[in-house]
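Report on one structure; see the data block that follows.
Side chains are part of it too, since the values below use all heavy atoms of this structure and drop only hydrogens, waters and symmetry mates.
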Amino acid sequence: LLRHLMSNTVLAGVAVVVVDEVHERDASTDFVLLVLRDLLVGPRPDLKIVLMSATIDVAEFCAYFQGDQASGKPLIVGSLEIPGQTNFP
């Protein structure tokens, strides 16, 4: 995704971005989330972002995307929990 953003800074032609295992945070993931949030409040309010994780802190990520935006445009953030279990003891 980072490489794609280098040549397509507004993700033209992309409707949905899925970030899996988002709880495994590092500098690259945090940077991608920052860029995606900026796209949502800027040139790409139509972009859909799906963050997936089995152990995500939903409140933390919702707060990040709903946080005070300089543009004054509120972001609509939803969450969906799918209950399940692992196959590991």
Side-chain angles (χ1 to χ4, degrees):
L1 181 57
L2 286 174
R3 190 168 298 195
H4 190 75
L5 281 163
M6 289 173 56
S7 62
N8 185 358
T9 58
V10 295
L11 296 178
V14 175
V16 178
V17 175
V18 177
V19 182
D20 194 12
E21 301 297 341
V22 73
H23 67 276
E24 295 180 7
R25 299 194 40 209
D26 60 12
S28 296
T29 303
D30 287 353
F31 182 71
V32 163
L33 294 177
L34 173 72
V35 171
L36 291 174
R37 185 178 69 175
D38 287 351
L39 285 173
L40 289 171
V41 298
R44 289 298 309 276
D46 61 314
L47 188 64
K48 305 295 184 236
I49 310 295
V50 177
L51 305 179
M52 299 186 338
S53 171
T55 59
I56 192 172
D57 180 350
V58 174
E60 179 181 350
F61 282 89
C62 285
Y64 176 74
F65 279 92
Q66 290 174 327
D68 294 333
Q69 305 298 325
S71 69
K73 300 175 191 173
L75 293 179
I76 298 171
V77 177
S79 66
L80 173 68
E81 182 176 343
I82 301 173
Q85 61 186 29
T86 65
N87 293 326
F88 303 104

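- For Leu2, the CG atom is densely surrounded, since the number of other residues' heavy atoms within 6.0 Å is greater than 12.
- Under the 4.5 Å side-chain criterion, counting only non-hydrogen atoms from C-beta, Leu80 is in contact with Ile82.
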Legend entry - CA sep, side-chain torsions, deciding dist, call: Val32, Val17, side chain to side chain contact (heavy atoms under 4.5 Å, CB included): CA-CA 11 Å; Val32 163; Val17 175; 5.8 Å; no
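- Residues Met52 and Val18 meet the side-chain proximity criterion, which asks for heavy atoms closer than 4.5 Å.
- Closest of all the heavy-atom pairs between Arg44 and Leu11 is NH1-O, 2.6 Å.
- A heavy-atom distance below 4.5 Å is found between the side chains of Phe65 and Leu51.
- The heavy-atom pair separating Thr9 from Leu39 by the smallest distance is O-CD2, 3.5 Å.
- Here Leu1 contributes atom CG and Met6 contributes atom CE; the two are 12.0 Å apart, rounded to the nearest 0.5 Å.
- Residues Arg37 and Ile49 have side chains not in contact (no heavy-atom distance under 4.5 Å, counting atoms from C-beta outward).
- No path of Ile, Leu, Val, Met, Phe, Trp and Tyr side chains, each step under 4.5 Å between heavy atoms, connects Val22 with Val50, placing them in separate hydrophobic clusters.
- Closest heavy-atom contact between Tyr64 and Leu34: OH-CA, 3.2 Å.
- Considering every non-hydrogen atom in both Leu47 and Ala15, the closest pair reads CD1-O, 3.7 Å.
- Annotation: side-chain hydrogen bond (donor to acceptor under 3.5 Å, both in side chains) contacts of Ser53 (sequence neighbours excluded): His23.
- How far CG of Leu5 is from CZ of Phe31: 7.5 Å, rounded to the nearest 0.5 Å.
- Among residues two or more places apart in sequence or in another chain, the salt bridge (charged side-chain N to carboxylate O under 4.0 Å, His left out) test is passed with Glu24 by none.
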Legend entry - Stepwise side chain to side chain contact (heavy atoms under 4.5 Å, CB included) test for Phe61 and Leu33: CA-CA 10 Å; Phe61 282 89; Leu33 294 177; 3.6 Å; yes
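- Every residue two or more places apart in sequence or in another chain was checked for a salt bridge (charged side-chain N to carboxylate O under 4.0 Å, His left out) with Asp20, and none qualifies.
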